[in-house]
Structure formats: C-alpha cells, structure tokens
Undergrad: 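Encoded as structure tokens, here's the structure I'll be asking about.
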Amino acid sequence: FSGKTALTDDLLDELEDRLLEADLGVDTVMEIRDHLQNDLRAKKASGPDEVIAAMAEVIERILTPGVPPKEIGADLDGRPHVVLFVGVNGSGKTTTIGKLAHAYRSAGKKVIVAAADTYRAAAVDQLVVWAERAGAECVRSHEGADAASVAWDALDAAIAREMDVLLVDTAGRLHTHRGLMGELEKIKRVLAGRLEGAPHETLLVLDATTGQNALVQGEEFSKSVDVTGLILTKLDGTARGGVIVPLARKLDIPVQMVGVGEDLESLMPFDAHEFTAALLK
Amino acid sequence: ALTARLSTVLDRLRGRGVLSEENVTEALRDVRRALLEADVNVGVARSFIESVKEQALGSEVGKGVRPGQQMIGIIHSEMIRLLGGEGNSAEVDLSGSPPVILMLLGLQGSGKTTTAAKLAVHFRSGGRKIGLMGLDPYRPAAGEQLRRLAERIDVPVEVARESEDPVDAGVRILSELKAAGSEVILADTAGRQTVDEALMNELASLRQKLNPQETLLVLDAMTGQDAVTTASAFSGRLDCTGAILTKLDGDARGGAALSLRGVTGLPIRYVGIGEDLGALEVFHPDRMAGRILG
Ligand SMILES: Nc1nc2c(ncn2[C@@H]2O[C@H](COP(=O)(O)OP(=O)(O)OP(=O)(O)O)[C@@H](O)[C@H]2O)c(=O)[nH]1
Ligand SMILES: Nc1nc2c(ncn2[C@@H]2O[C@H](COP(=O)(O)OP(=O)(O)OP(=O)(O)O)[C@@H](O)[C@H]2O)c(=O)[nH]1
Ligand SMILES: [Mg+2]
Ligand SMILES: [Mg+2]
C-alpha cells in the first residue's frame, strides 16, 4: 500500500476538487475523504477504479436515508393525498406540480391542484396551463386573495369531489422573510385543520444550481413546515446538485424526484446510484 | 466570522514586524474554507488565495497594526478590487442614440422577467421613455407575467405570440416599440440551459438581430460552483457586457459574484434585493466583499 500512497493522494485530491465543484461543500468532502482513506486502508485498495468505486459507495450510503423515496403515482396516504410544495423563488415548484400531476394522471389517479400563489404576477395563469396539460382540476382565486384560504377551498373541493391527490402550489419565498414563512405555516395549519394528517407530504423544491445556501433553506423551511422530502430541479443543466448530499443527511429525508427539463414528462424518480456516478464523472 | 478567526490565528504573531510564509499559509487555509463555504468557485478561490499570499508575504506590518488586521486589510481590498473596484459607476450608460436596447438572459428562474420590469422603473426615473419586450413564447403565461408587471408600472409592452419564433418576435416588436417612441428598450428572453445548443443559437441570433448596447447575464445570488460554467458559457457565446445578481435579500453569501468576475471579468451592474419592482440597487463592490467574507 505504501508504494502507491502518492498516486492515491493525487487521485484523492482530484476527486476532492471534483466533489467541491459539484457543491458538496467543504465539511462533507473532508468527511468523505476521511471515510475513504479508512475504507481503502481496510481494503488494502489503491487503484483508481477501486478508489472511485469506494468513494461512490460512501456517497451513496449518505444518500440512502431511513425512509426510501416513494414511488411516483403509488401508495397514497390520505383521501385525498395532499402534497404541499415549498421553496425559494424560481426553484421550479409550479412546473414540478404540472409534471407530478401528469405522472399521477398517467397512473390513473384523479388530481386537483391548488393555485395558492396569490402573489406573483400570472402565477395562477401559469398553473392553470399546467393543470390543463396534465388533465388535472384547478382551484384558484383572484390575485391578492389569502393563500391559506385558497388552500382550504382546494382541499374542501378535493374531499367533496373524492379526488385522489391534491397538489398545493405556494409562492416562492426566501426564508429570510419571517412574514412569508409565517404565511407558509398558516397554509399548513389550515390544511391540517381541514383534513387530519394533511399535508401528507411537504416537498422542498430545490434548484440544482444552488450552492451552500440550500442547507440554510432546508433548515429554515423545515423549522417552519417540517419538510418530508426534496425535489431537485434543473438537473438537465451543468450544475450537479451535490449540496443535496449534506442536505438529505442533515434533514434525514429522501430526495423524492428530480426535474430534468421543462416539459410534462421531465420528472424522474431519484436514483442515488445514477446521481453519484454523475457527481464523480 | 472569517475576520474573527483570522484575528485569532494571526494575533499570535504579535511583536514580529513581518508576516512569514508559515503563518500566512496557515491563515490562508481559513480563508480558503470561508470562500468555499461562501460558494466561491474552487479555481477562483485558489487564484484569489495566491494573489493574497503574494501581497501578504514579507509585507511590513505597520506600527500599531496587528498582523491579523494587516491580513484582513489585504484580503478585503483584494476582494473589492476583483469585484469591480471603487470609483467607476457600475450603471449602464444610456447616452447612446435611441433606442438603447438592453437584452437580459440567463438560466431558468434567475429573475429576468422581474428584473426587466425593475430596470424599467429605474431608468424611467431618469425621464426616458421605456419599452418592454417579452421574448419568451415557451414558458406558460410568460407573456402574461411581463404584461401584468408592465401594466403595474404603466410602461408600454409587447410580447411574443404563442409559438412565434423569438427572433421574429424580436424584430417585429423592436419596430413596434421604435414607432411608439421608446428610447430605452428592455428585452426579456426565455430562461435556458447553456448545454441546449438550439436555444443558445437562438439567443446568439437574437442578439445579432437586436444589436443591443448591453447584453446582461441575470444570475441568482445563491448559485454555487456552477456560476463559473454558466457565466463562461453565456459570456463566451453571447459576448455579454454585464451581469445582474438577484435575490440578494436572501442570506446566500454570494460567492458567485467573485466567481463570475474572476472567470469572465463581466462588470456586475445591479443587484435585485426583493420581489417588488422598486427592489433594485446599483452594485457596490465593497458591500458585496463584506457579505462574501462574512
Ligand atoms: N431546464 C429546466 N428548467 C426547469 C425545470 N423545472 C423548472 N424549470 C424552469 O424553471 C423556471 C421556473 O419554474 P417555476 O415552476 O415557475 O418555478 P417556481 O418555483 O414556481 O417559481 P416562483 O413561483 O416564482 O417561486 C421555468 O422557466 C421552468 O420552466 C427543470 O427540471 N429543468
Ligand atoms: N426575493 C426575491 N425574489 C426575486 C428577485 N428577483 C426575482 N425574484 C423572484 O424570483 C422568481 C423568478 O423570477 P422570474 O422573473 O420569473 O425569473 P425568470 O428568470 O424570468 O424565469 P424564467 O423566465 O422562467 O427563466 C419570481 O418569484 C420572482 O418574484 C429578488 O431580487 N428577490
Ligand atoms: Mg411558481
Ligand atoms: Mg421569465
């Protein structure tokens, strides 16, 4: 082993840089390197393929939380099954709802969406188009209406019409705006008040280009509305989204799905193995 | 914070007049970590550290100046210099013969449409007649979004029709806005990925037809390491003249600013600091430096 240490160290340095450039962050990369060096010593391994395979193993382990990601279109907890979408401005919430509505429709479920972004210009119009494309119903109100009451109306309608799934869209917001986070908490309370157990999922939609701030986003949104899963969008770009490695572990939640484009079909279940391979490419 | 950490590390060097290689190297390890945590690109952080090291080594610590302070001073001024330096106004120069055209481009969701409307508000206060041009026929209700914003601020707007080619729309709307007397025209384009050949070609062709005075990259301040790849790709292909950093009302450290400067040299002209149409400021290198260094 000692004769190959220099070679291994160079390779480890290179891999370290690659992981940093994929947004895993300093702490996570250092930890992976330490784990790896112990693993390699134990395996008495040092060839480049072995090193990369060992590193992939370490990362995949971090990305496999206690709760596995749920199958799209499968197991629904409630009647309706309520999913709340949250996240910062422009991360891809509205588009993702369109895609997920389509996925549930393709699985034969009756889907209704709530246009609870009553703030941003044409946010409702945008969701209405997606709902039409997906074959889902849409509950909406006028601009400036109270977001929580739109959510309540939608859940009420979903129950009355015996829908299988309700997807709730919310306005993008930065966690630094306490008032907006308060509004989100209210939306969640209102849903729970109308249907016990709702929302059954609260998904944080995260743009793959996001850097270390994703950790703060995850923490703050989780404090407000207890996030149950992550969605990573725009993975069809150049960014690798590596910040979900420390984030998924920090919150101990699964990455449910990934967005890989702007159209209805561009939503895939998260595959830790595939994702890790792309990180190390 | 970095400044506190550096003070602790370097103030152990009291009483010595010169910063040695060993203590500079140790301090710079802390700086590197802080930069990476602030989303500064790995390569950009590396060259930043190199130039700080060069300036710090052997530099005389002035009387009454602690080594920690000396180091922080070097780091701070080097960062300000890299971000655009003091003195020059970052603003767009609107003094050309009208209509002055400014084109906004960038990744999906970075804030282009909102920023176009903000710039309209900002420039109008200078007494100019503004026109807004929406060239996104792809995103559902994109045209409607720009229309609503334009109505709010009472600025003339024209948008691409459903399934109209953006380049044709650009040519069409340019002549319409010119005829309507617009002196400054803000062109909002569809978000796109730099790996999308067809859309990058579309943008290049649009730029050629509109011949804008300013081609501005709109980048989200929370962008991580990808800032370098994205900025180089847009800047390389589109020959950008400046950048706008958005969502600075968040708590992202904003290392993307240094990355983009370090790799493309693009001047950062404005920053978005909120969702409402008044939330736009001229870029200040010193404020950004303080934010990145934390
Ligand atoms: N390339 C790519 N673009 C995406 C993806 N998901 C969303 N987008 C685009 O990202 C932009 C923003 O998407 P939205 O759905 O409006 O994001 P949002 O989170 O609802 O935005 P706000 O409501 O304004 O906070 C749009 O141009 C989408 O088409 C993806 O997976 N890949
Ligand atoms: N908090 C905050 N939000 C912003 C800022 N600038 C834009 N936004 C929000 O970010 C989201 C995306 O803005 P858009 O203007 O739709 O972004 P875009 O680049 O035009 O998006 P695409 O056309 O889909 O590529 C919206 O929710 C905006 O209100 C800002 O400076 N601060
Ligand atoms: Mg939305
Ligand atoms: Mg837009």
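In this text, all values refer to a predicted model and were calculated from it rather than measured experimentally. Lettering follows sequence order; numbering is per chain, from 1.
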Undergrad: Counting only heavy atoms closer than 4.5 Å, note whether D236(A) contacts chain B via side chain, backbone, both or neither.
TA: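 Contact with chain B: backbone and side chain both.
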Undergrad: Quick one: what part of T194(B) sits under 4.5 Å from any heavy atom of chain A, side chain, backbone, both or neither?
TA: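 Only the side chain of T194(B) comes within 4.5 Å of chain A.
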Undergrad: Measure the spacing between CZ of R120(A) and OG1 of T113(B) and express it to the nearest 0.5 Å.
TA: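 So the gap between those two atoms works out to 8.5 Å.
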Undergrad: Which heavy-atom pair separates A121(A) from R148(B) by the least distance, and what is that distance?
TA: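 Residues A121(A) and R148(B), closest heavy atoms: CB-CB, 4.0 Å.
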Undergrad: With a 4.5 angstrom heavy-atom cut-off, could you sort out which part of R133(A) is near chain B: side chain, backbone, both or neither?
TA: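 Side chain of R133(A) only, per the 4.5 Å heavy-atom cut-off to chain B.
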Undergrad: Around atom CD of E185(A), are there more than 12 heavy atoms of other residues, nucleotides or ligands at under 6.0 Å?
TA: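 Above 12, so yes.
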Undergrad: Can you list the steps and then say if R147(B) with D125(A) is a salt bridge (Lys or Arg N to Asp or Glu O under 4.0 Å)?
TA: CA-CA 12 Å; R147(B) 266 194 201 294; D125(A) 305 58; over 6 Å; no
Undergrad: Can you tell me which of L36(B), T246(B), T114(B) forms the most heavy-atom pairs within a distance under 4.5 Å of chain A?
TA: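 Heavy-atom pairs under 4.5 Å are most numerous for L36(B).
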Undergrad: For the CD atom of Q225(B) and the OG1 atom of T238(A), what is their distance to the nearest 0.5 Å?
TA: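 These two atoms lie 12.0 Å from each other.
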Undergrad: Using non-hydrogen atoms and a 4.5 Å limit, figure out which bit of L146(B) sits close to chain A: side chain, backbone, both or neither.
TA: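 Neither part.
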Undergrad: Examine whether an atom of R192(B) lies under 4.5 Å from a heavy atom of chain A, and if so say whether it belongs to the side chain, the backbone or both; otherwise answer neither.
TA: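 Contact with chain A is absent: no heavy atom of R192(B) under 4.5 Å.
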Undergrad: Which heavy atom of A141(B) sits nearest a heavy atom of Q126(A), and at what distance?
TA: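 Minimum heavy-atom contact is CB-N, 3.7 Å.
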Undergrad: Can you tell me how far CD of E37(B) sits from CG of L215(A), rounded to the nearest 0.5 angstrom?
TA: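 L215(A) atom CG to E37(B) atom CD measures 10.0 Å (nearest 0.5 Å).
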Undergrad: Tell me, for E21(A) versus chain B, whether the close heavy atoms (under 4.5 Å) come from the side chain, the backbone, both or neither.
TA: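 Contact with chain B: backbone and side chain both.
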Undergrad: With only heavy atoms counted, which part of R253(B) is less than 4.5 Å from chain A, the side chain, the backbone, both or neither?
TA: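 Contact with chain A: none, neither part.
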Undergrad: For a quick test of reading the model, state the closest non-hydrogen atom pair linking Y119(A) to R152(B) and the distance between them.
TA: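 So the minimum-distance heavy-atom pair works out to O-NH2, 4.4 Å.
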Undergrad: Can you tell me if T176(A) and D251(B) form a side-chain donor-acceptor pair at under 3.5 Å?
TA: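 There is no such pair (donor and acceptor under 3.5 Å, judged by atom type) between the side chains of T176(A) and D251(B).
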Undergrad: Side chain, backbone, both or neither: which part of V128(A) has an atom under 4.5 Å from a heavy atom of chain B?
TA: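 Nothing of V128(A), per the 4.5 Å heavy-atom cut-off to chain B.
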Undergrad: So which residue, D23(A), L174(A), L127(A), V216(A), ends up with the most heavy-atom pairs under 4.5 Å with chain B?
TA: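 Highest number of pairs under 4.5 Å: D23(A).
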Undergrad: Could you tell me which portion of Q193(B) (side chain, backbone, both or neither) has an atom closer than 4.5 angstrom to a non-hydrogen atom of chain A?
TA: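 It is the side chain, since no backbone atom gets that close.
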Undergrad: For chain A, which candidate among L149(B), V195(B), T223(B) shows the most heavy-atom pairs at distances under 4.5 Å?
TA: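 Greatest number of close heavy-atom pairs with chain A: T223(B).
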Undergrad: What's the spacing between N89(A) CG and K247(B) NZ if we round to 0.5 Å?
TA: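 Separation between the atoms: 6.0 Å.
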Undergrad: What is the distance from atom OG1 of T209(A) to atom CG of D226(B), rounded to the nearest 0.5 Å?
TA: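 T209(A) OG1 to D226(B) CG: 6.5 Å, rounded to 0.5 Å.
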Undergrad: Could you state the interatomic distance from OG1 (T95(A)) to CZ (R139(B)), rounded to the nearest 0.5 Å?
TA: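 Separation between the atoms: 6.5 Å.
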Undergrad: For chain B, which residues from residues 25-36 of chain A lie under 4.5 Å away (heavy-atom distances)?
TA: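 Residues in range: V26(A), D27(A), M30(A).
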Undergrad: So what's closer than 4.5 Å to chain A heavy atoms on D249(B): side chain, backbone, both or neither?
TA: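 Both backbone and side chain of D249(B) come within 4.5 Å of chain A.
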